[in-house]
Amino acid sequence: MMPAMVVEAYPTPGGGAGLFPELITRASSIAGRIDGLLIALTILCVAVSAGIYLVMIYFAARYRRGSTADRSNANAQSHTLEIAWTAITLVFFLVIFFWASNLYTTMQTGAPPEDVLEIYVMGKQWMWKAEHPGGQREINELHVPRGQDIKLLLTSQDVIHSFFVPAFRLKQDAVPGAYTSLWFKPTVTGEYALFCAEYCGTDHSRMRGRVVVMAPEAYERWLHTRESSTSMATRGAKLFRQYGCSGCHVGNSTVHAPVLDGLYGKPVQLQDGTTKVADERYIHDSIVLPQQDIVAGYPRIMPSFKGQISEAELLHLVMYIKSLDYTEGTVP
Amino acid sequence: MTAITPAAQFDDLEQEHEASRLGMWTFLATEVLFFGVLFAAYAISRLLYPQGFIAASQHSDLMLGGIETAVLLTSSATMAMAARAIRHGRRTQALQMTLVTMALGAAFIVMHLQGYHHHIEEGLFPGVNFTYEGPYRNQVELFYFLYFVMTAFHLLHLIVGLCILAVIAVMTWREWFSPEYYTPVELTALYWDFVDIVWIFLFPSFYLISLA
Amino acid sequence: MNTTSDHSSIGVLGIWITLIVLAALSIAAAYLPIGSWTWIITYPIAAMMALLIMASYMRLRSSTVIVRIFAGAGFFWLLLWFAVTLTDYLTRPHLYLT
Amino acid sequence: MSTVAAQPASYLTAAATVRSWLVTRDHKLIAILFTISITAFFFVGGAAATVIRLELATPAGDLVSSETYNKLFSMHGIIMVWFFLIPSIPATLGNFLLPLMIGARELAFPRINLASWYLYTAGGLFTVATLLLGSVDTGWTFYTPYSSLFTNTSVVLALTAVFVVGFSSILTGLNFIVTVHTMRTPGMTWMRLPLFVWAMYATSIIMVLATPVLSMVLVLVAAERLFGVGVFDPRLGGDPVLFQHLFWFYSHPAVYIMILPAFGVVSEIITCFSRKRIFGYPYMVYAIVAFTSLSFVVWGHHMFVSGESMYASIVFSILSYLVAVPSAIKVFNWTATLYKGSISFEAPMLYALGFVGLFLNGGLTGLFVAAVALDVHLTDTYFVIAHFHYIMVGGSVMAFLGGIHFWWPKVTGRMYSEWIAQASAILMFFGFNLTFFPQYLLGYLGMPRRYHEYLPDYQVLNVLSSAGASILAVAYLMPLFYLTWSLFYGRAAGANPWRATGLEWRSASPPPEHNFEQTPTVDEAPYAYTSEDRQAHSSQARET
């Protein structure tokens, strides 16, 4: 029998017995609008249900067998009535649809990229690993500053997980083999429950954690108190040398290899005539499968690093190459 | 020749014939969707990785595929001749045509198994013994996973078709069929033509992606 | 038995030749230098071959409307489903790692 | 109770030996074989549900281990979906009544009908084998890559079970489609078909066009497990979301396979017990046809947060709202049918009214999860569990039991005891609501589904739900007893105890082997209840 201690292992937000005060706080900018739509829909549905229940009960009572109600010329069809209630239902549904879709598009587009704090979240069988741009790492916890637009870039190492924070009214699946993103802006400080919402195996129900929303200054202090972890980009630079990438891809090297400064986001002319934008995927694939997209005018000599560099280190290399700015002297 | 009477639940032979044809076409609709799922998986994978699929399809043996297509198209023609012969009461011609169709089907199966053997030898069988190390290795493995699953499923249908044809040949030889009662032959012809149609879509998918 | 539209053996041969020609055509199409876009030619040719077989060998031309509807239902449902699935795959932005 | 006089010759007298049952081609005997098999599987699935509810009474996972809990909800899902809900009304009431209702002597392909039962039994044996060999812990949805690469439970065996039982529903569907097209009695035009027959026809189309997709997806997952690599394998660049597309393309129409027959049964019951023609017959038929076609293009609402593109989610959302309109039309028409009727509240009517109430609730909460913005919060939580249980258990199971009670006299020739049946229906209605209404709140509060343990905050609502489940369990066991009791001691029911107007009530009960002495003809629309009949029916009750 599983010992019951497991529940205590996680600090439970909401402190247990209270009737879920923390759980339904509207802790993200979008939560209020989602609750608004939810309440409006609830009112509509309660009204419709009450209406139909009352009509049914009234008919059942008035026209019950043995009652002396008048039952003559009950017509079995009326086109106007049918078309009327079909049209009204359709109009209500369309109103709800447009309201919800409008809200959904704001949730999906999020804030413009420059002032967004991008945090990488990796789902792994039965834990969440988060990594801030400064290199701070957390397991089953996510500290975020209040009032800051945050974009989580989610992926998974094994099966599909789903990053779900009820207090933010948001969830997004972490799909292995793909980056998915989740945008939100926390507005109320506090600790909120974090669940995995997509079934992922034995300890799916223990893949829980907490999201801690802090005041911006407290968040800065928290970042510095973490051990002097180098940022992802600097750690990427170390790997760039460690795996010998610098041997070829630095401007003054004897080997004829594409220079990577200012590469991120620019279109790259490939040998087979097509052009590709150098996004995260292109950089990731070029390291793991170099034979795939050969840059025009370069020999096919790069070895594949598949299996030698782990997914996490690839993330750091991608971050390092993204951070290389376009500096004059190294025009390819 | 006993007088042909409709089954208990039908009013006349025409209704029974129409019912069995409708039933067969409904079954063929389900078969379309059986193969449809595989083609959907193929289409989405090809949409995501066009380069990989081009690289992979260079290894398909176009000559063998072409001959197999011709063989199956011919077998459909001979099957149609067999069905027509039965409808006109020419039993011997029907029997010959059925046997020719079976021979062509068997030829296809042999050729296709030989194709499998060739691919397995080249190390293109997905899974542990996939030893292909050229460009787009992953997508080539994906391509061959789809190739083996889809063509094996088609081959299974062909083998089942061959068994049914054998039964039909025996029944034709034993004079079970006449111009009034030939439903089993017609249903078999429908099934065989359907299996041929599936190959008509399989052939361009795996052999004709791009040979430029 | 409606044997009226029963085409003679020449008809069967004629259709066989058309099918072989169409198959050859699609093989030729594969040699065009348009990369993976050859499907725009090969699949319509395959569809034509399929329609030809269904109309003649499977005697759809001479059967009732209900049978033709049943024959087309499977293909129609498949295409409808493809179209709706593609709305997702053609508009999916996020990044795929091989 | 006086034992009833020897029954007149009927289809049951011709089925004395076990062998005659196992090789029968009589659609009525096959219907009874199906009823027995699916009832057995209903209680196996129900047992799994009972243990789940017992486990969830406490926040900690202290009754069973996590693996066992995951296997419990997986088997509950697989058995209830494929071995009870999908065949429940078509294979039992449909098999028995379809030929009777259209005046035919038999289904178009009797041998295929028997093959359908044998395939169901074969699938059932594979499921029992899966149960014995350590069950499967992937959930009934078999999502990859967990089901294909990350679990070592007997997944391939479970996939074979569902693959085989899929053929059973394809064959049933094929049989019904051809029968309705070619074997209607003279005068029975399409617009004079009873709505139960329309529902069976529409369900069969969905069964025939959707089930193959499921079978092949499961073959792809099995192939991926055998090859080690596959088209859903992320390491090869395969897309796990593609599996969800292929799976839900079947599984959403599957939920319409479960609910459409229930519509047919309820339309028959409400018209009979309010002695009134169905209100807006053509609109009810258009609603069924609209269901059949729209049900195939809405599956994406199961995948709003799975990584599907924003535009596709919005397209699926609008289509899901369109498919909700026919449900509304049907509920309005049922309510309008009660107007100026002479309504009596025997057990079938209680089940039917219970159905309309619970299905309305289930349908309306469907609007919540079809709205993309809300679904991001509500999906994969207990809100969705409550939504589909309201429709499947509150809807389909209530209608199935209503149908069983309504046609029990026709099938067995005996009446069940009325007051016990009414008590069990009312108990079931309250037990059901107590079980599943708290789960809406749990869902809003964010309790994810398939959780072996949960935060202590959710315990209050979970205990309520478990209490309701115990009431529901009792309510489901009651019919088992009083219906079996009625087989031996129930009073003889005449050919038409409810004085209903369907063709099936024109032959004796239990009907003779070939259904009708002479084939009945039809010359008017179904449910031909007149207002004089209603006045008489009501005044007659006043005198007694």
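Fair warning: this is a prediction, and the values are worked out from it, not measured in the lab. Every chain is numbered from 1, with letters handed out A, B, ... down the list of sequences.
The part of Ile44(B) that comes within reach of chain D is its side chain, from C-beta onward, which places non-hydrogen atoms under 4.5 angstrom from that chain. For Ala223(D), the parts lying under 4.5 angstrom from a heavy atom of chain B are both the backbone and the side chain. Proximity to chain D is limited to the side chain of Phe125(B), based on heavy atoms less than 4.5 angstrom apart. Heavy atoms closer than 4.5 Å to chain B are found in the backbone of Leu107(D), but not in its side chain. Both the backbone and the side chain of Leu209(D) come within contact range of chain B, each with at least one heavy atom under 4.5 Å from a heavy atom of that chain. Of the atoms belonging to Phe167(D), it is side-chain heavy atoms, and not backbone ones, that fall under 4.5 Å from chain B.
In terms of heavy-atom pairs under 4.5 Å with chain B, the best-connected choice from Asn515(D), Leu226(D), Asn175(D), Val208(D) is Val208(D). Of the residues considered (Ala210(D), Pro99(D), Gly228(D), Gly230(D)), Gly230(D) shows the highest number of contacts with chain B, using heavy-atom pairs under 4.5 Å.
The side-chain heavy atoms of Val231(D) and Leu146(B), taken from C-beta on, include a pair separated by under 4.5 Å. You'll find the side chain of Leu220(D) reaches within 4.5 Å of the side chain of Val149(B), heavy atoms only. Counting heavy atoms from C-beta on, the side chains of Pro110(D) and Gln9(B) come closer than 4.5 Å. Residues Val37(B) and Tyr250(D) form no side-chain contact, since every pair of their non-hydrogen atoms from C-beta on lies 4.5 Å or further apart. The side-chain heavy atoms of Thr211(D) and Thr30(B), taken from C-beta on, include no pair separated by under 4.5 Å.
No more than 12 heavy-atom neighbours from other residues, nucleotides or ligands sit within 6.0 angstrom of CZ on Arg25(D). By the 6.0 Å contact criterion, CZ on Phe153(B) is enclosed, its count of non-hydrogen atoms from other residues, nucleotides or ligands being greater than 12. Within a 6.0 Å sphere centred on CH2 of Trp173(B), other residues, nucleotides and ligands contribute 12 heavy atoms or fewer.
Remark: Thr26(B) OG1 to Phe176(D) CZ distance equals 13.5 Å, nearest 0.5 Å. From Ile112(D), atom CD1 reaches atom CZ of Phe27(B) across 9.5 Å, with rounding to the nearest 0.5 Å. Distance check: Asp239(D) CG to Ser45(B) OG gives 8.5 Å after rounding to the nearest 0.5 Å. Taking CD of Gln15(B) as the reference point, atom NE2 of His181(D) lies at 13.5 Å (rounded to 0.5 Å).
Nearest heavy atoms, Arg105(D) versus Phe10(B): NH2-O, 3.4 Å. Of all the heavy atoms in Phe34(B) and Ser215(D), the pair that sits closest is CE2-CB, 3.6 Å. Here the shortest heavy-atom pairing between Gly127(B) and Val229(D) reads N-CG2, 3.5 Å. Summarising the geometry of Asn138(B) relative to Arg235(D), their closest heavy-atom pair is ND2-O, 3.4 Å, with the distance given to 0.1 Å. When all heavy atoms of Leu246(D) and Ala40(B) are compared, the closest pair comes out as CD2-CB, 4.3 Å.
Classification of the Phe145(B)-Phe227(D) ring pair by plane angle, with boundaries at 30° and 60°, yields perpendicular.
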Run the numbers on Leu38(B) and Met216(D) for side chain to side chain contact (heavy atoms under 4.5 Å, CB included), then give the verdict. CA-CA 7 Å; Leu38(B) 300 173; Met216(D) 282 322 293; 3.7 Å; yes
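Glu141(B) contributes no side-chain N or O that, together with a main-chain N or O of Leu236(D), makes up a donor-acceptor pair within less than 3.5 Å.
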